[in-house]
Participant: 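I have a structure I would like to understand better, so I am pasting it below and will then ask my questions one at a time.
When a residue number appears, it is its place in the shown sequence, counting from 1.
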Amino acid sequence: MTTAVLLSLIATVVGSGLVAARPAIAAPTTSDTTTTTTAGTDTGRLSGVGDLVVSRLALAEPVAESKWLSGKPIADPAREQAVVDAGVARARAEGVDPDLVTRVLRDQIAASKLVQRGLFTRWTHEPWSAPTTAPDLTAVRTQITQIDDDLVDRLAAVAPIAAAPRCAHAVDAERHRVESGLDSLQRKGLHVAWSSFCND
């Protein structure tokens with residue numbers, strides 16, 4: 001998957017305007033309608049969060065490309081904490097559960113690092129596949145910040161699902177909805193990205 005395709009996907013979801021082309025692999029269309037299973041779990045309400053999770057995960061590759069070429073480490077504890085702190089501050093200002101926001105944002109960061117490490121390993125063993133150019137990391141991080149803000153906003157509506165007895169079922173359904181458009185490494189990241197959403 002090329003960086004241009006990845007950035008195109010994200011531009012479509014967050015409306016950043018950096019690229020206008022239609023993505024080759026698009027996240028499923030988000031619906032604001034709620035689909036209730038026979039067990040009473042509102043699985044459809046997770047689609048808005050799910051689309052943002054996939055969009056953020058797709059940005060792991062351009063981030064990895066930039067770090068690979070610049071020699072920067074994958075882990076950046078100070079920035080990671082700043083991302084979580086900003087999300088929690090937004091959550092408190094909007095009345096969103098800060099514990100849920102903390103869990104979800106930490107999972108997104110962990111998922112991104114998993115994909116980045118996988119790409120670094122691939123490029124190390126297959127140097128011919130390693131990137132020779134990379135997008136501006138600042139621009140990519142701007143997109144990530146917008147996604148994180150949108151995630152906090154979306155979490156306000158789905159917080160009750162995180163506390164529901166069949167939360168895990170709803171998460172499984174949402175992962176299944178989007179994973180067909182992902183490669184094997186991104187699918188692993190997808191599982192990490194949802195790993196702490198449910199309260200228990």
Side-chain angles (χ1 to χ4, degrees), residues 3 5-23 25-35 42-63 79-113 115 135-163 167 170-171 173-175 177-179 181-182 186 189-198:
T3 298
V5 171
L6 288 169
L7 292 178
S8 180
L9 167 64
I10 307 311
T12 300
V13 175
V14 302
S16 67
L18 293 178
V19 224
R22 181 178 178 84
I25 299 177
T29 303
T30 301
S31 170
D32 289 330
T33 59
T34 299
T35 302
D42 296 333
T43 55
R45 287 172 59 195
L46 289 182
S47 62
V49 173
D51 290 344
L52 290 168
V53 166
V54 170
S55 297
R56 197 185 197 284
L57 195 60
L59 287 176
E61 185 166 346
V63 169
R79 173 168 172 78
E80 293 165 19
Q81 187 60 51
V83 166
V84 174
D85 290 345
V88 168
R90 185 180 183 91
R92 287 181 173 144
E94 298 183 4
V96 185
D97 179 7
D99 291 334
L100 176 61
V101 168
T102 297
R103 295 198 313 267
V104 169
L105 288 180
R106 288 199 183 282
D107 284 348
Q108 306 321 299
I109 292 168
S112 178
K113 290 195 293 185
V115 172
D136 176 51
L137 187 57
T138 301
V140 177
R141 283 178 168 170
T142 297
Q143 291 178 289
I144 292 173
T145 298
Q146 181 61 61
I147 291 172
D148 290 344
D149 288 348
D150 291 344
L151 263 175
V152 172
D153 297 344
R154 291 279 185 171
L155 287 172
V158 301
I161 299 175
C167 175
V171 168
E174 179 56 30
R175 282 198 305 243
R177 182 182 73 88
V178 300
E179 66 183 359
L182 307 180
Q186 290 171 327
L190 184 66
H191 279 266
V192 172
W194 280 101
S195 60
S196 301
F197 175 79
C198 299

Participant: Quick check: do D148 and R56 have side-chain heavy atoms less than 4.5 Å from each other?
Facilitator: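 In short, these two side chains touch, coming nearer than 4.5 Å.
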Participant: If we only count heavy atoms from C-beta on, is the I147 to L59 side-chain gap below 4.5 Å?
Facilitator: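 The answer is yes; the side chains approach within 4.5 Å.
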Participant: With a 4.5 Å heavy-atom cut-off, do D153 and R90 have their side chains touching?
Facilitator: yes
Participant: Show your working on side-chain hydrogen bond (donor to acceptor under 3.5 Å, both in side chains) between Q146 and R141 and close with a plain yes or no.
Facilitator: CA-CA 9 Å; Q146 181 61 61; R141 283 178 168 170; over 6 Å; no
Participant: If I take atom CG from residue L52 and atom CG from residue L155, how far apart are they, to the nearest 0.5 angstrom?
Facilitator: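 Rounded to the nearest 0.5 Å, the CG-CG separation comes to 9.0 Å.
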Participant: How many angstroms lie between CZ in F197 and CD in E174, if you round to the nearest 0.5 Å?
Facilitator: 9.5 Å
Participant: Which pair of heavy atoms, one from V192 and one from A111, lies closest together, and at what distance?
Facilitator: CG1-N, 3.6 Å
Participant: Determine the minimum heavy-atom distance between A193 and Q108, stating which atoms define it.
Facilitator: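 A193 and Q108 have their closest heavy atoms at O-NE2, 2.9 Å.
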Participant: Supply the atom-to-atom distance D107 CG to S112 OG, rounded to the nearest 0.5 angstrom.
Facilitator: 12.5 Å
Participant: So, does R103 use its side chain to make a donor-acceptor pair with the main chain of S196 at under 3.5 Å?
Facilitator: yes
Participant: What pair of heavy atoms forms the shortest contact from G189 to V115, and how long is it?
Facilitator: CA-CG2, 4.4 Å
Participant: Using only atom types and a distance under 3.5 Å, with no angle test, would you say the side chain of R177 pairs donor to acceptor with the backbone of S47?
Facilitator: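 Indeed, once roles are kept as given, a pair shorter than 3.5 Å links the two residues.
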Participant: Can you confirm whether V53 sits close enough to L190 that some side-chain heavy atom of one is under 4.5 Å from a side-chain heavy atom of the other?
Facilitator: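 They are in side-chain contact.
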Participant: Check the pair I144, V63 against side chain to side chain contact (heavy atoms under 4.5 Å, CB included), reporting the backbone distance first and the verdict last.
Facilitator: CA-CA 10 Å; I144 292 173; V63 169; 4.0 Å; yes
Participant: Ignoring hydrogens, what is the shortest heavy-atom contact between A170 and I161? Give both atom names and the distance.
Facilitator: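 Of all heavy-atom pairs spanning A170 and I161, the closest is CB-CG2, 4.1 Å.
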Participant: When rounded to the nearest 0.5 angstrom, what is the spacing between CD in E80 and CG in D85?
Facilitator: 12.0 Å
Participant: Start with the C-alpha gap between V84 and I109, add the side-chain angles, then the distance that decides, and say whether side chain to side chain contact (heavy atoms under 4.5 Å, CB included) holds.
Facilitator: CA-CA 9 Å; V84 174; I109 292 168; 4.0 Å; yes
